[in-house]
Amino acid sequence: MEREYQPQIIEQEIQEYWESKKIFKTTEDHNKPKFYCLCMFPYPSGKLHMGHVRNYTIGDVISRFMTMKGYNVLQPMGWDAFGMPAENAAIKNQLPPATWTYDNISHMRRQLKRLGFGYDWDRELATCAPNYYRWEQWLFTRMVDKGLAYRKKARVNWDPVDRTVLANEQVVDGRGWRSGALVEKRNIDQWFIRITDYADELLDDLNSVDWPEQVKTMQKNWIGRSQGVEFSFERQGTQDRLEVYTTRPDTIMGITYVAVAAQHPIAMKAAETNPDIDAFIQDCAQMSVVEADLAQAPKKGMATGEYVIHPFTGEEIPIWIANFVLMDYGSGAVMAVPGHDQRDWEFATQYNLPIRPVIRPREDDPDYDISKQAWCEKTGVTINSGQFDGLTFEQAFEAVSRNIKDKRIGRVTTKYRLRDWGVGRQRYWGCPIPVIHTDEGLKTVRDEDLPVTLPEDIVVDGSGSPLVGHSDFANTVDPDTGRPAKRETDTFDTFMESSWYYARFASAFSNDAMLDQNANYWLPVDLYIGGIEHAILHLLYARFFHKVLRDLDLVISNEPFKKLLTQGMVLKDGSKMSKSKGNTVDPQELIDQYGADTVRLFIMFAAPPELSLEWSDDGVAGAHRFLKRLHILVTEHVDQGNHSTSDMPELHELSGPARDLYRKLHETISKVTDDIGRRYHFNTAIAAVMELTNSATKFKAATESDWLVLSEVIETLVILLSPITPHISEHLWSRLGNGNSLVSMNWPTVREDALTRDTVTLAVQVNGKLRGRIQVAADTDEQMLVKIAREEPGVARFLEGMIEKKIIVVPKKIVNLVVVPK
RNA sequence: GCCGGUGUGAUGGAAUUGGUAGACAUACCGGACUUAAAAUCCGGAGAGGGAAACCUCGUGCCAGUUCGAGUCUGGCCACCGGCACCA
């Protein structure tokens, strides 16, 4: 029999077999429990990278495992096909973005097939296809009808040389990445979606999903629900009032100034008469639109010369313009309490504004020194606060907000850090926003006129969106009046497409609706797998979309993804693989050299999914060696012939080594089942399989029952490994004389009685330090155990001249003797 | 800056609920096979001390809780992810 492991031949054969039998074609089968396993779909950038291979192997391993466990598994694949890289490539290669994108898709599809992933390809979708995005356009028109979508002005990066809007990513040190021109900021009208309407639900429903705690915490903080008080100051010398929002009304008596954003009406008004202020505001307007930059920018401000009146003390308080106050959050103005807010403190220190402590810790706290930093704890009591003195945070919050309410100047409110989602992009390669500008105003495109199709035969040169000058696209007719109208030339943020593709997979064949009833058979996704970098934006937007779909009666569940598995990055030489660093590894080369199974095995073995994975060429070779050893083990076993047809003897009839091997077999089944099915720790599952393989290789079968045990071990090895290395497993499975495909096999079960042991080894500690090991019968009682432990020579030495104070026995693990000198 | 994570031998990692640190691999060293090399197989190995038996130290750093801490708590350091127009 052929002993050499020839992955290229085996893998092609097996893949042809799967394809011819349509093994991975999925239907809605109500006799089995369903399992929808989804991996975040790729952007078709050209070829698969290691991050994809890792992500999709994890999904495939779990899908194959769940199929063998008896579930009706859906595992689809598609393409997140709109986006900037296609435009960049188009400029570079003088090819339409569509051509580039579709070429990449066909190449990457081949690569996925070559890796043996069990996708239902009939459900494949590409988000740039009109029959996909037409439903997104349809959904958007419904959002407009419901008042969930609206227009408002927003700031964008404008490249004055290329005359185009730049993404944040395209702004490098304040300059356009291609032109090098200083980027300006422009305020333009854009479409927004009211995700904030769902803020409470998005926050509260986090409790109902089985997601990593860290991701839930990140989303929670991102939404940032806070309880606070909104109130207004009387402005000195005017009838106007200034509204502020604070989460710390308990510190209200410590206000020493008020700060407003540069875009606040008070600042704008002051600029009209004061050129310095005008210059300062202009300066602020040129600041980066990236929050990380804003947060780290040096604090700057200017006094307006105006004052508000403190509602309780009647004091005059100066109004400052400050670059750290955000116009988007609250009312764009804050009361500043430098004693108890670090940003206010830094600003006050810089501009010599007074700092007044109004909270004192209840016990001495070394960090409490208002002259060095603000004290921001909520654990103290109020001081210097007149009528509000001596109160805890909760009491002061209550008292101050009641007084504010009584004065009719404000109320307790809830605010969110979450902002509405700006979905308009001034770019070509995206889903057209289905709106027309008519002489009667903005109108959404009617259902029967959808989709608004993106013209694909387009030349992109980097200077603005080609849609604007594309007269066939841009010029249209108002169907109501028959008069000329202009199409919206903005396209959607590509997060729009990725916010509902999971649902479309479940309803892939529905031609006359966005989703049909099959969506509710499959949804929610039982396991969603993807990079941790999507923890906030993509996952929040998709959750939001799901709730909108639910409110339109398209789905019945509240959440799209029941369980979430976030995978770490693939690194080489300690940093992320990237072209610019020149440290990429092309999966294709490895597949060509070693085959798909080796690549899958290595990538699953090198690290648990959530950790970053350090690439190692040597490790790949090692994985390949293991498969070769397995191949030899199985083929040699087959060559020995079938040694018996008799039944497995009783456990006690087995020889010692056979009994041990048989126990190890069932320990391995137990561990691998738990590791793949519950923990998703494939590296330890593989380690366990390797151990069993090593034991099987060493085992010398002498009797008939020895052969029976070895045969069972070898068959089980092949099955246990099959989700990870499906080709070699399928191949060896048929060599072992089995007719049907491994995919339809049942997952092995554990024989509990095989796991029992007669003797156990315990560690013996003296004062917590390991001093010896003892082997005892499994049923030895505690008293006896301690007696044996004391007599163990390594232990006895440390007991001399000591008195035992305490004895701790952890069954089957440890005996700890706690002693002190006599 | 803010939010979230990670840190264990030469390397990737294991230790699942506070209970024998380093499973399983990789690299390395030694041996077998070979004219030789590769491949393969067998063996060794955390660091320091010791002839050995053994002993001491050891999970980023500093404290703490505990009979016992890689695991829990507090503080620090380094690196990574996200920060709303990259996907």
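Note that the structure is a prediction, hence the values are computed from the model and not measured. Throughout, protein chains are lettered first and strands after them, A, B, ... in sequence-line order, and every chain is numbered starting at 1.
- Heavy atoms of other residues, nucleotides or ligands lying less than 6.0 angstrom from CZ of Arg163(A) number 12 at most.
- One interatomic measurement links the two molecules: CG of Asp675(A) to P of C24(B), which rounds to 15 Å at whole-angstrom precision.
- Taking syn as a glycosidic angle within 90° of 0, G22(B) does not qualify and is anti.
- C76(B) sits 23 Å from G81(B) when the P atoms are compared, rounded to a whole Å.
- For the residue pair Asp162(A)/Ser179(A), the side-chain donor-acceptor check at 3.5 Å is not satisfied.
- Under 3.5 Å, the side chain of Lys769(A) and the base of U20(B) form no donor-acceptor pair of N or O atoms.
- One atom, NZ of Lys812(A), and another, P of U20(B), lie 16 Å apart when rounded to the nearest Å.
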Summarise protein proximity over nucleotides 80-87 of chain B in one line of letters, 5' to 3': B for base, S for sugar-phosphate only, - for none, counting protein heavy atoms closer than 4.0 Å.
SBSBBBBB

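- No donor-acceptor pair closer than 3.5 Å links the side chain of Gln342(A) to the backbone N or O of Cys376(A).
- Per the geometry, CD1 belonging to Ile223(A) stands 17 Å off C1' belonging to C2(B), to the nearest Å.
- Taking the P atoms as reference points, U73(B) lies 45 Å from A51(B), given to the whole Å.
- Nucleotides A45(B) and A27(B) place their C1' atoms 12 Å apart, quoted to the nearest Å.
- Within 6.0 Å of NZ on Lys185(A) lie more than 12 heavy atoms contributed by other residues, nucleotides or ligands.
- For an aromatic pair to be called close, the ring centres must be under 6.0 Å apart, and Trp615(A) with Phe602(A) satisfies this.
- Residues Glu792(A) and Arg773(A) are not paired through a salt bridge, judged by the lack of any N-O separation under 4.0 Å between the basic side chain and the carboxylate.
- Exactly one of Tyr501(A), Phe492(A), Trp429(A), Tyr428(A) qualifies for a ring pair (Phe, Tyr, Trp, His ring centres under 6.0 Å) with Phe82(A). That residue is Trp429(A).
- Between Lys671(A) and Glu691(A), no side-chain nitrogen of the basic residue sits less than 4.0 Å from a carboxylate oxygen of the acidic one, so the salt-bridge criterion is not met.
- Separating the C1' atom of G70(B) from that of G9(B) is a span of 14 Å, rounded to the nearest Å.
- G44(B) and G50(B): their P atoms are spaced 24 Å apart (whole Å).
- Within 4.0 Å of Lys671(A), counting heavy atoms only, lies at least one base atom of the nucleic acid.
- Listed by chain and number, the residues in a side-chain hydrogen bond (donor to acceptor under 3.5 Å, both in side chains) with Arg757(A) are Glu667(A) (sequence neighbours excluded).
- Between Val689(A) and Phe626(A), some side-chain heavy-atom pair lies under the 4.5 Å cut-off.
- In this structure, CZ of Arg629(A) is placed 13 Å from C1' of C42(B), rounded to the nearest angstrom.
- Between Asp189(A) and Lys152(A) there is no salt bridge, since no side-chain nitrogen of the basic residue lies less than 4.0 Å from a carboxylate oxygen of the acidic one.
- Atoms CZ (Arg625(A)) and C1' (A38(B)) sit 12 Å apart, rounded to a whole Å.
- Nucleotides C61(B) and G7(B) place their C1' atoms 11 Å apart, quoted to the nearest Å.
- Of the residues in residues 678-694 of chain A, those placing a heavy atom less than 4.0 Å from an atom of RNA chain B are Arg678(A), Arg679(A), Asn683(A), Thr684(A), Ala687(A), Met690(A), Glu691(A), Asn694(A), in numerical order.
- In the displayed structure, Lys300(A) atom NZ is contacted under 6.0 Å by at most 12 heavy atoms of other residues, nucleotides or ligands.
- Spacing between atom CG of Leu565(A) and atom C1' of G5(B) amounts to 15 Å, rounded to whole angstrom units.
- Nearest-nucleotide mapping onto RNA chain B: of Ala606(A) and Asn221(A), the residue sitting toward the 5' end is Asn221(A).
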Heavy-atom protein contacts under 4.0 Å, nucleotides 46-51 of chain B, coded B base, S sugar-phosphate only, - none
------

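- Remark: C1' of A15(B) and NZ of Lys813(A) are 10 Å apart, rounded to the nearest angstrom.
- Of the possible donor and acceptor atoms, one in the side chain of Arg543(A) sits under 3.5 Å from a partner among the backbone N and O of Leu202(A).
- Within the nucleic acid shown, Ser45(A) has no heavy atom closer than 4.0 Å to any nucleic acid atom.
- The same atom, C1', is picked in U56(B) and in C2(B); the two are 45 Å apart, to the nearest Å.
- Look at CD on Glu213(A): it is 17 Å from P on C3(B), rounded to the nearest Å.
- Contact check on Glu636(A) versus Arg629(A) returns no salt bridge, with no Lys/Arg side-chain nitrogen under 4.0 Å from an Asp/Glu carboxylate oxygen.
- Every stem involving RNA chain B, taken as at least 3 paired positions in a row under the Watson-Crick or G-U wobble test at 3.5 Å, is listed here: B:1-7 with B:77-83, B:10-12 with B:24-26, B:28-32 with B:40-44, B:46-49 with B:54-57, B:60-64 with B:72-76.
- Between U16(B), U20(B), G4(B), one nucleotide has an atom nearer to the side chain of Ile814(A) than all others, and that is U20(B).
- Taking atom C1' on both nucleotides, U20(B) is separated from G64(B) by 25 Å, rounded to a whole Å.
- For Tyr528(A) and Tyr502(A), the gap between ring centers reaches or exceeds 6.0 Å.
- At most 12 non-hydrogen atoms from other residues, nucleotides or ligands lie less than 6.0 angstrom from NZ of Lys92(A).
- Looking only at distances, no side-chain donor or acceptor of Asn221(A) sits under 3.5 Å from a matching main-chain atom of Gly224(A).
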Could you list all N or O pairs between the protein and nucleotides 65-69 of chain B that sit under 3.5 Å apart?
| residue | atom | partner | partner atom | Å |
| --- | --- | --- | --- | --- |
| C67(B) | O2 | Asn816(A) | ND2 | 2.4 |

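- Counting only N and O atoms by type, the side chains of Asp675(A) and Thr684(A) include a donor and acceptor under 3.5 Å apart.
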